[in-house]
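See structure below.
Every chain is numbered from 1 and lettered A, B, ... according to where its sequence line falls, protein lines coming before strand lines.
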Amino acid sequence: MRCFSPGLACLALLFLLAGCVPQQTAPGTAEAGRLQAQSLLAPMSDAEFAALSAEEQYRILNNLLATLYKGETVESFFAHNADWSSYSPRDPEALRRLYATLTGEAGTLRIATLSDVTGMTFRFSAAENPVERIQAELYQAPLDRDYFIRWMAYTLANTRLFSPAIALRTTRPEDAERVYRRLLDMIGAGYGIREIVYAHMVSQENWRRFRSPEDNVREMMEIFLGWYRDEDVPVAAGLCRNWSLVWRRGSAWTLVVDDRRAPEPGTLFGRPLSDCYGFYDALSRHERLIPTIASVLVEQFFPQSDPAVREKLVQELVASDPQRFEDIFLPLLFSRTYLRDNRRFYWAEERFHNLMRRIGWRPDEAFFIRMNSAHSPYGLGQIGQLAMSYKLGRTRLDPDMLEFMAWHRMLREYLLLDRKHSAASNDFGWVDDLVAGFDDDAALMRYLFLAVLARRPSQEEVDTLLPLLEEKWSAPAKALVLFDYFSRLTELYVMESGLEDDA
Amino acid sequence: MNRRTLLKALLAAATFGQLPLSALALPARREELRAWLRDRIDWQSPARLPTVIHLFLYGGASELAGNLTTLDEVRALSERPYPDWLSPGNADELSPNGFWRTAGGDLIEDMLARQRMSVYRTVWREREDNKSHPISQRQNLVGSLDSEAAGLGTLFGLLLELHGLEGRAAEELVMPLVSIGGISESFQFASRLLPEALQPVVLNARLENLFARRNNYALSGVRGGGAMPDNPADRQLEALARRVSPHSDPVHARLLGLFERRDRLDALIRERLAPERLAAVTPVDPDTGSPIAWPQDRYGFGELLGGAVRLVLANPDTRYVALRANVSWDDHSSALDVYRERMRSVQQAVATAVRHLDLMGRDDVVVNVFTEFGRNLSCNGSAGFDHGNNQVFYTAGGQGIPGRRLGAIVGRTRVIAPQPGRVFHRPEAGSFHCEPMAIASTVLRYWGVRNPEVITGFPAIEEQALPDERRVA
């Protein structure tokens, strides 16, 4: 009888896939231009990006940065005059530059201590939720190739494909760490999709999520192949009948392979199989694996799109023969379809991290405890979007009334209406420096509208809001009025380019 | 048409995808569906319209608590042995009618004896036994094999829109449709198919007002951290935001609807669910001399069902409540003890609901408890139970509703073992059995639909015509 130990040591890699890594088509190139006429995955060209208005460029770039849990301030993006009546993007090739940053040379994936990068110290919960530390690493890491690998690992660990489901009775918080680290290490080392899927399926963490032979094989077929044939479940379960999840004092739920009990060979996917390793191997090599994974990731980023669009995106991704996860992520994120034509709700975590950077909102040391709380009024739990917690990942991006109220409260009360007592105080919030030096209300409006909404105020907004601002006693008080208004706009919650139809 | 326009056309389609036509030809678009219901449904105003509360057990709840009549055979066939204490000879665990006592079976026996519950032991999928969580959940909550059809709660909303409620128009009703603990799939496509006034309200189990905005001193000029006081500046911001936010796009329109609903709900809950109003519908239990106490435990079924009962008592317009508990019944490993505890919690909550309603003199509130599928009766290698088919349906209360029948145990089961390690119940030859969608048909009939099979594909349960099939006297 064997017990599985965590980490890469438990892997039983049976194969290395050889094969061409498809060329990525960088935005701005002639190749991108040719593809543009044909493909939903065609990237937005430099020329097209540069032809956009200043506000449109800022919005599109920040939508992409929000997807990556980052954000760029207006001061960084624009060259501007003092009252923000005139501004222009500093870098017309911002999109291409971001692409190059994410695909450049990798450094070291390990951050020795969290305070190394920014000097900020965070406190973590006594319950030792490693998700808090993982998020803190992401928050502090600069945007580069290493960060992109971390982001891919984190994103995958929040999908139904790899969720460690730490809310379940049979899982442990450290499963989140192991699943994330395995993804991080394997993606960073250049392993392909199929190998990573195989390594996950044979892991104890996977069995702690799907806990018996029937449960595990059924879910693996459903999740990774979209295969819902109940009649195949007993055959596959027979192959894995000597695998089980057992409670062991000191090591909690442990995956045990009982060598004394023979598996039941059977035929599945049109081929004879002899044991559970064979089942997982056959599944990870199955032709439906890539299309199913592509569907999950397309759903993640285009949840409100028409099914026909999603289907076409999946078809194009599959046709490109992706070998690694970035062969799916990069084309999706830099596609014209995503940047220009997509319209969806933000994930709460995306929106919060993006806006907090744009207005200089500073977290306190308990930020990540609060973020991962199921009960805090300002945490992701109330919104139904806790990280790495749910059995099938963060799947639903259409909030119900309660969840939306929680999200609205998070953005309004926690982010926008919360000022720090002072720049040096330990509490969270934005600092008054954000609006220092604005003596003119119209200038303040232009600045904050651009910073938060990436647009100019309409005449109606100017006519309604300016009189309200005139009554207020300070720039921060005026900012609180404007922020309260922003919190009530649907655009604050929706990721879109704002571009109109072509004539 | 250029590519941009083509994409826009595709994206401009209904936000949540064009619905395929139901296998039962239930139209997908609002006006078509309304017309279809008007033309195809044989509707008659019911003599008494019940209030219906649905407690759905997500994950697939085992039948064990509700049916140990074949325990000897199940024990013999199980891959992993059952504990000795769960055996037919142990009267501490097995009730006279084959319920699992410590899993709530004693409470079930009591409710049966007092004619406050019926138990259906043979809710069994003959068509499409998929044993898949997402598909079966949706099918059972929507009430159709077409899991992409409008949900049962949504259909009720459409019926209210068409026929009103007891002489009142739908727009006069306050919170007729509610989902507690999160939005239930039984309200599938409500956002698209129902008018704003009939959109399901989502509350938490404590019926708290989570819709009020916190005060912003800079805006209101009023100090203090409570709810935003009514002030002109707040109203100006709200009105401006409504005008500015896009209305035509479905994604924005959905959020606009939620914001508008927020306003309405803030006011409604302050009025209809004020603490004094909820206290007024909490009777004193004569057995204890204290206000009736709802069970509190880590599973939260008492809190959930207690919230639903107080809601329907405090707000007479609420007629359909769907409950979502944050508890999974997908017991693939180490299941017995935790299942027993959990099912006891459910039955304690149902028994308290029955008691509370009896004390308030209400005989028109139906509480249904069901799940997506039952489970394998063989205990697997991880000491759990894998997916099955046959499930037990518990229905309580509503004894004053015409056609209702309580106090019966319906359905006899036999054991099949198609493969090693797979042991299931299926209905005995000649025994009553029905598909899970028959529950939806039965509820539709309570709501006045005389041909519910046209909607769900399955007939309603003819409660009063069925034999009581107890095996043990």
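- Among the candidates B/Pro134, B/Ser334, B/Ala233, B/Pro246, the residue making the largest number of heavy-atom pairs closer than 4.5 Å to chain A is B/Ser334.
- With rounding to the nearest 0.5 Å, the separation of CG in B/Leu255 from CZ in A/Phe345 is 4.5 Å.
- A 6.0 Å sphere centred on NE2 of B/His247 holds more than 12 heavy atoms belonging to other residues, nucleotides or ligands.
- Interface residue A/Leu402: backbone and side-chain heavy atoms are both found under 4.5 Å from chain B.
- The side-chain heavy atoms of B/Leu240 and A/Glu460, taken from C-beta on, include a pair separated by under 4.5 Å.
- Judged purely by atom type and a 3.5 angstrom limit, A/Arg409 has no side-chain atom pairing as donor or acceptor with the backbone of B/Arg214.
- Qualifying salt bridge (Lys or Arg N to Asp or Glu O under 4.0 Å) partners for A/Arg160, counting only residues two or more places apart in sequence or in other chains: none.
- A donor-acceptor contact closer than 3.5 angstrom links the side chains of A/His408 and B/Arg213.
- No more than 12 heavy-atom neighbours from other residues, nucleotides or ligands sit within 6.0 angstrom of CZ on B/Arg223.
- Along residues 381-388 of chain B, the residues that come nearer than 4.5 angstrom to chain A, judged on non-hydrogen atoms, are B/Gly381, B/Ser382, B/Asp386, B/His387 in order of number.
- When every heavy atom of A/Trp473 is checked against every heavy atom of B/Ala218, the shortest pair comes out as CH2-CA, 3.8 Å.
- Here the CG atom belonging to A/Asp398 is positioned 6.5 Å from the OG atom belonging to B/Ser191, to the nearest 0.5 angstrom.
- Proximity to chain B is absent for every atom of A/Glu231, based on heavy atoms less than 4.5 angstrom apart.
- With sequence neighbours excluded, no residue forms a disulfide (SG to SG under 2.5 Å) with B/Cys379.
- B/Ser245 pairs with exactly one of A/Leu492, A/Leu489, A/Val494 by the side chain to side chain contact (heavy atoms under 4.5 Å, CB included) rule, that one being A/Leu489.
- The CD atom of B/Glu238 sits 10.5 Å away from atom OH of A/Tyr485, with the distance rounded to the nearest 0.5 Å.
- Neither the backbone nor the side chain of A/Glu471 comes within contact range of chain B; no heavy atoms are under 4.5 Å apart.
- For the atom pair OG1 (A/Thr490) and CG (B/Leu256), the distance works out to 5.0 Å, reported to the nearest 0.5 Å.
- Contacts between B/Asp330 and chain A at a heavy-atom distance below 4.5 Å involve backbone atoms as well as side-chain atoms.
- For a residue to count as touching a neighbouring chain, one of its non-hydrogen atoms must lie under 4.5 Å from one of that chain's; by this rule A/Trp247 does not touch chain B.
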Discussion item. Please determine whether side chain to side chain contact (heavy atoms under 4.5 Å, CB included) holds for the pair A/Arg344 and B/Val251, giving the CA-CA distance in whole Å, both sets of side-chain angles, and the decisive distance to 0.1 Å.
Written reply: CA-CA 7 Å; A/Arg344 64 169 172 88; B/Val251 177; over 6 Å; no
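- The distance from the CG atom of B/Leu237 to the CG atom of A/Leu465 is 6.5 Å, given to the nearest 0.5 Å.
- Per-residue counts of heavy-atom pairs under 4.5 Å with chain B were compared for A/Pro213, A/Ser212, A/Ala479; the largest is that of A/Ser212.
- When the candidates B/Asp234, B/Ile135, B/Asn376, B/Asp129 are compared by the number of heavy-atom contacts under 4.5 Å with chain A, B/Asp234 comes out ahead.
- In summary, the side chains of B/Asn130 and A/Asp230 do not present any donor paired with an acceptor at a separation below 3.5 Å, with no hydrogens or angles considered.
- Here A/Glu403 contributes atom CD and B/Leu210 contributes atom CG; the two are 12.0 Å apart, rounded to the nearest 0.5 Å.
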Item to complete: Step by step, work out the side chain to side chain contact (heavy atoms under 4.5 Å, CB included) result for A/Met401 and B/Ile183.
Response: CA-CA 8 Å; A/Met401 190 69 202; B/Ile183 189 72; over 6 Å; no
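- B/Arg242 places no side-chain N or O within 3.5 Å of a backbone atom of A/Arg488 that could act as its donor or acceptor partner.
- Side-chain contact check for A/Phe483 versus B/Asn216: every heavy-atom pair is 4.5 Å or farther apart.
- In this structure, no portion of A/Arg229 lies under 4.5 Å from any heavy atom of chain B.
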Worksheet item: Is there a side chain to side chain contact (heavy atoms under 4.5 Å, CB included) between A/Leu480 and B/Tyr217 once you walk through the steps?
Response: CA-CA 9 Å; A/Leu480 286 172; B/Tyr217 167 57; over 6 Å; no
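- Neither the backbone nor the side chain of A/Val246 comes within less than 4.5 Å of any heavy atom of chain B.
- Heavy-atom pairs under 4.5 Å with chain B peak, among A/Trp207, A/Phe302, A/Phe486, A/Trp253, at A/Trp253.
- Contact annotation for A/Lys391: only side-chain heavy atoms (C-beta onward) come within less than 4.5 Å of a heavy atom of chain B.
- For the set A/Arg218, A/Glu222, A/Glu491, the count of heavy-atom pairs under 4.5 angstrom toward chain B peaks at A/Arg218.
- Neither the backbone nor the side chain of A/Ser474 comes within less than 4.5 Å of any heavy atom in chain B.
- In this structure, chain B has a heavy atom under 4.5 Å from the side chain of A/Phe404, while its backbone stays farther away.
- Proximity to chain A (any heavy atom under 4.5 Å) is shown, for B/Arg261, by both the backbone and the side chain.
- The side chain to side chain donor-acceptor pair (under 3.5 Å) with B/His332 is formed by just one residue from the set A/Thr170, A/Asp215, A/Asn216; it is A/Asp215.
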Item to complete: Step by step, work out the side chain to side chain contact (heavy atoms under 4.5 Å, CB included) result for A/Val233 and B/Arg422.
Response: CA-CA 11 Å; A/Val233 171; B/Arg422 285 194 138 201; 3.9 Å; yes
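- A distance of 6.0 Å or more separates the ring centres of A/Trp407 and B/Phe259.
- Within residues 198-207 of chain B, the residues having any heavy atom under 4.5 Å from a heavy atom of chain A are, by residue number, B/Val202, B/Leu203, B/Asn204.
- Taking the ring centroids of A/Tyr493 and B/His252, they lie at or beyond the 6.0 Å cut-off.
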